[in-house]
Amino acid sequence: MYKFTKLAVHLLSLVSQVSKDVLTQTKIIKRHYPEYIPWYRAPSGGGAITLGNRRWSRIYYTENWFSDDHSIYSNAAYGSNLWVWLRMTSHEVIHLTHALRFRFFIVYLTVFAYQYIRYGHDKAPLELEANAGTYRLYGFNNYMVSTHNLSIDNMLRGSMSEEDKISMLSNYWAQYNNKV
């Protein structure tokens, strides 16, 4: 089990508009027996599923997300690929707001199941809503690259302290929102 770092909480809160408290309490879990979810094939890219309610929240990722072994997962070994992690997670964390909205775990699952059956995964309204986090991440990254010649990925991997990175992200986010 893993948790988001303070820096990850800050960035994900900016782009997803999910509260820092919710992100801080969320557990990140590598798929394992007996909780073998999500059911995506890891060598084909795998995926994630977000579960929770008012008291707990978890995001389960397939094992390829924690591996750099390309002999097993080919191009889907995302262990060190920070950008791919951010892209997926900026989507998944918005599902945390869905879990809060529906309050009870069974209601949350029922709504998702209904939408998947009726619309399919890619057109389910809650999936489309969750894409907003990824779109904001892309927009913010594009702004940083075009204005500051610095991608989010490179800034996060840089040698500055976590506090300095948080401060920089906050400043750039404010600038970005003033231009949008």
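Starting from 1, each residue takes its place in the sequence as its number.
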Can you list every pair that meets salt bridge (Lys or Arg N to Asp or Glu O under 4.0 Å) and has a residue in [range], with sequence neighbours left out?
range: residues 132-153; result: D153-R157
range: residues 55-82; result: R31-E63
range: residues 92-103; result: R101-E129

Pairs satisfying ring pair (Phe, Tyr, Trp, His ring centres under 6.0 Å), at least one member in residues 21-40, at least two apart
none
Contacts satisfying ring pair (Phe, Tyr, Trp, His ring centres under 6.0 Å) that involve residues 154-175 (not counting sequence neighbours) are F140-W173, H148-Y172, W173-Y176
Restricting to non-hydrogen atoms, name the atom on [X] and the atom on [Y] that form the minimum distance, rounded to 0.1 Å.
X: L150; Y: N154; value: CD1-CB, 4.0 Å
X: A48; Y: I59; value: CB-CG2, 4.2 Å
X: P43; Y: A76; value: O-CB, 4.1 Å

Across all chains, not counting sequence neighbours, the side chain to side chain donor-acceptor pair (under 3.5 Å) partners of D164 are S161
By side chain to side chain donor-acceptor pair (under 3.5 Å), which residues pair with N171, not counting sequence neighbours?
none
Atom CG of L23 and atom OG of S16: how far apart are they, to the nearest 0.5 Å?
5.5 Å
Counting distance only, does the side-chain N/O of Q115 pair as donor-acceptor with the main-chain N or O of L126 below 3.5 Å?
yes
Between the side chain of N141 and the main-chain N/O of L137, is any donor-acceptor distance below 3.5 Å?
no
Would you kindly say whether [X] and [Y] are connected by a side-chain donor-acceptor distance under 3.5 Å?
X: Y116; Y: E127; answer: yes
X: S90; Y: T134; answer: yes
X: D21; Y: S19; answer: no
X: S57; Y: Q25; answer: yes

Residues that [X] engages under side-chain contact (heavy atoms from CB on, under 4.5 Å), provided they are two or more places apart:
X: L7; result: T5, L156, E162, K165, I166, L169
X: F66; result: Y2, I28, K30, Y61, W85
X: A77; result: H70, Y73
X: F104; result: R54, V107

Do you reckon [X] sits in the same ILVMFWY cluster as [Y], going by side-chain contacts under 4.5 Å, direct or chained?
X: M155; Y: V145; answer: no
X: I94; Y: L128; answer: no
X: V18; Y: F105; answer: no
X: V84; Y: M88; answer: yes
X: L12; Y: L14; answer: no

For H10, ring pair (Phe, Tyr, Trp, His ring centres under 6.0 Å) partners two or more places apart
none
Taking the six-membered ring for Trp and the full ring for Phe, Tyr or His, determine whether the centres of F112 and H95 are under 6.0 Å apart.
yes
Check this for me: K123, atom NZ, are more than 12 non-hydrogen atoms of other residues, nucleotides or ligands nearer than 6.0 Å?
no
